[in-house]
Novice: 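This is the structure I want to talk about, given as structure tokens.
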Amino acid sequence: MSTRPRTPAPGTPAPGKLPITELTLMKERHQPIVMVTAYDAPSGRLADEAGVDLILVGDSAAMTVLGHDSTVPASMDEMIVLTRAVTRGARRPLVIADMPFGSFQVSDTEAVANAIRFVKEAGADAVKLEGAGPSLSRVRAIVGAGIPVMGHIGLTPQSATALGGFKAQGRTADQARRLVDDARALEAAGCFSIVLEAMPAPVADEITGHLTVPTIGIGAGGGTDGQVLVWHDLLGLYDGQSPRFVKQYADLATVIRDAVSAYADDVREHRFPEEVHTYGMSEEELRAFRGTAART
């Protein structure tokens with residue numbers, strides 16, 4: 001009889017994986033939910049070891065990893081590769097794949113097909129998509145296909161141009177009411193959680209109080225059910241202007257730059273490699289090799 005472990009059916013958490021249902025219980029217990037972005041196997045593993053609950057493979061990778069000026073250029077194929085790498089590194093956290101621009105806007109059918117790719121090809125536990133309005137039918141279709149969906153309102157980077165740039169949303173009473181309505185609509189459509197980005201804290205608090213599903217804030221104050229930060233922002237790796245809501249917990253860019261500089265100096269001054277870094281061979285084999293080499 002085969003002893004190979006069975007692969008969980010689609011939508012079934014792997015052993016040790018945080019169940020999605022636990023997130024609602026965490027909201028009810030007022031237990032903060034921790035989410036961070038990650039883009040490769042080492043960052044997924046380290047985030048897991050640090051004890052985070054959720055990992056978002058964000059389309060922010062277009063800027064932090066791929067060198068673009070916005071999130072828009074990220075492609076499905078690129079996001080599949082990054083998500084597959086993260087799922088190899090992370091075990092307990094739920095891994096949520098960000099659906100990139102163009103992957104869900106065209107039709108419900110195309111949105112479902114791309115969401116299925118994230119689950120089948122990359123091992124994602126859920127997907128995230130931006131906006132409400134036209135996105136509501138996409139959410140319903142993807143959830144109907146058995147794939148959990150995280151919503152995202154407020155500042156939605158994929159449509160930042162239409163929103164007037166990268167700036168806070170919901171700062172007028174009318175805009176704030178629309179955000180509350182959008183959040184309710186996303187919950188009704190089946191979202192298991194909603195990201196609230198760059199909005200006044202009282203608006204995020206109001207949304208959080210109205211919903212039964214948890215909210216994850218980024219630049220939305222401390223009243224949301226959880227928080228998310230971008231990996232490169234919190235570790236000081238991003239070479240650009242960080243938003244005001246970012247708290248930098250390390251300056252790894254300096255650490256990495258100094259380490260590579262020290263390596264370069266050692267190579268140029270013949271301090272590396274040392275004997276401890278090299279391989280040898282027995283004297284007998286060395287004599288035989290040299291004798292062979294001399295004859296040829």
Side-chain angles (χ1 to χ4, degrees), residues 35-48 50 52 54-90 93 95-106 114-115 117-118 121-124 127-131 150 152 154-168 195 197-198 216 218-219 228-264 267:
M35 182 161 82
V36 68
T37 68
Y39 311 103
D40 56 22
S43 58
R45 174 178 55 82
L46 291 171
D48 188 343
V52 307
L54 309 175
I55 294 177
L56 173 66
V57 187
D59 61 0
S60 49
M63 302 173 70
T64 60
V65 176
L66 303 177
H68 296 292
D69 293 328
S70 76
T71 65
V72 171
S75 70
M76 269 299 299
D77 287 342
E78 288 168 337
M79 293 300 298
I80 289 286
V81 169
L82 298 176
T83 304
R84 187 188 296 127
V86 171
T87 58
R88 292 190 188 110
V95 177
I96 302 153
D98 219 348
M99 297 194 70
F101 182 75
S103 68
F104 64 92
Q105 284 87 352
V106 175
N114 284 321
R117 285 193 66 194
F118 273 124
E121 297 178 35
V127 298
K128 181 179 78 66
L129 54 81
E130 293 186 3
M150 174 179 278
H152 183 164
L155 173 57
T156 46
Q158 292 177 11
S159 53
T161 300
L163 296 173
F166 288 88
K167 61 183 183 180
V195 171
E197 181 169 355
I216 308 295
I218 177 166
V228 58
L229 279 178
V230 170
W231 186 262
H232 290 61
D233 286 339
L234 77 90
L235 295 178
L237 289 169
Y238 182 60
D239 183 22
Q241 182 66 40
S242 294
R244 65 176 294 174
F245 54 73
V246 169
K247 180 175 180 179
Q248 184 177 315
Y249 286 82
D251 181 15
L252 295 193
T254 298
V255 174
I256 293 170
R257 189 182 304 113
D258 289 349
V260 175
S261 177
Y263 159 69
V267 170

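Nothing fancy with the numbering, it's 1 onward along the sequence.
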Novice: Can you tell me if Asp239 has over 12 outside heavy atoms packed within less than 6.0 Å of its CG?
Specialist: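 Count not over threshold, so no.
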
Novice: Less than 4.5 Å apart, any side-chain heavy atom of Ile256 and any of Leu237?
Specialist: yes

Novice: Is there side-chain contact between Lys247 and Leu234, with heavy atoms separated by less than 4.5 Å?
Specialist: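 No, every pair of side-chain atoms sits at 4.5 Å or beyond.
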
Novice: Any non-hydrogen side-chain atom of Glu197 less than 4.5 Å from a side-chain atom of Thr156?
Specialist: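 With C-beta onward as the side chain, the pair stays apart.
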
Novice: Does the Gln158 side chain pair with the main chain of Met99, one donor and one acceptor, at a distance under 3.5 Å?
Specialist: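 Answer holds: yes.
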
Novice: Compare every heavy atom of Met35 with every heavy atom of Ile96, then report the nearest pair and how far apart it is.
Specialist: CD1-SD, 4.2 Å

Novice: Evaluate the criterion side chain to side chain contact (heavy atoms under 4.5 Å, CB included) for residue pair Thr64 and Tyr39; output intermediate values, then yes/no.
Specialist: CA-CA 9 Å; Thr64 60; Tyr39 311 103; 3.5 Å; yes

Novice: Quick one: does Phe118's side chain get under 4.5 Å of Met76's, heavy atoms only?
Specialist: yes

Novice: Can you tell me how far CG of Asp251 sits from CG of Asp258, rounded to the nearest 0.5 angstrom?
Specialist: 9.0 Å

Novice: Measure from the side-chain N and O atoms of Thr87 to the backbone N and O of Ala122, and report whether any donor-acceptor pair falls under 3.5 Å.
Specialist: yes

Novice: Just how far is it from atom CG of Leu56 to atom CD1 of Ile218, taken to the nearest 0.5 Å?
Specialist: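 Rounded to the nearest 0.5 Å, the CG-CD1 separation comes to 9.0 Å.
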
Novice: Give the minimum heavy-atom separation between Pro243 and Asp233, together with the two atoms involved.
Specialist: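 Result for this residue pair: CD-OD2, 4.5 Å.
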
Novice: Are His232 and Val65 close enough, and set up right, to give a side chain to side chain contact (heavy atoms under 4.5 Å, CB included), and what steps lead you there?
Specialist: CA-CA 9 Å; His232 290 61; Val65 176; 4.1 Å; yes

Novice: Are Thr71 and Phe101 packed together at the side-chain level, in the sense that at least one heavy-atom pair is separated by less than 4.5 angstrom?
Specialist: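 Thr71 vs Phe101: side chains apart.
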
Novice: What's the shortest heavy-atom distance between Gly44 and Ile55, and which atoms?
Specialist: O-CD1, 3.8 Å

Novice: What side-chain hydrogen bond (donor to acceptor under 3.5 Å, both in side chains) pairs are there with at least one residue in residues 72-84, not counting sequence neighbours?
Specialist: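 Found Ser75-Glu78, Asp77-Arg117.
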
Novice: Can you find a pair of side-chain heavy atoms, one from Tyr249 and one from Leu229, that are under 4.5 Å apart?
Specialist: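 In short, these two side chains touch, coming nearer than 4.5 Å.
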
Novice: Are Val230 and Met63 packed together at the side-chain level, in the sense that at least one heavy-atom pair is separated by less than 4.5 angstrom?
Specialist: no

Novice: For residues Val195 and Lys128, report the shortest heavy-atom separation together with the two atoms involved.
Specialist: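 For Val195 versus Lys128, the nearest heavy atoms are CG2-CD, 4.0 Å.
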
Novice: If I take atom CH2 from residue Trp231 and atom CG from residue Leu46, how far apart are they, to the nearest 0.5 angstrom?
Specialist: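 So the CH2 of Trp231 and the CG of Leu46 are separated by 5.0 Å.
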
Novice: Search all heavy atoms of Ala253 against all heavy atoms of Gly236 and return the closest pair with its distance.
Specialist: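 For Ala253 versus Gly236, the nearest heavy atoms are CB-O, 3.1 Å.
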
Novice: What closest approach, in Å, do Pro100 and Ala74 show between heavy atoms, and which atom pair accounts for it?
Specialist: CB-O, 3.3 Å

Novice: Measure the spacing between CG of Asn114 and CD1 of Ile80 and express it to the nearest 0.5 Å.
Specialist: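 Going from the CG atom of Asn114 to the CD1 atom of Ile80 covers 8.0 Å.
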
Novice: I'd like to know if the side chain of Asp40 pairs up with that of Ser43 as donor and acceptor (distance under 3.5 Å, no hydrogens or angles considered).
Specialist: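 There is such a pair (donor and acceptor under 3.5 Å, judged by atom type) between the side chains of Asp40 and Ser43.
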
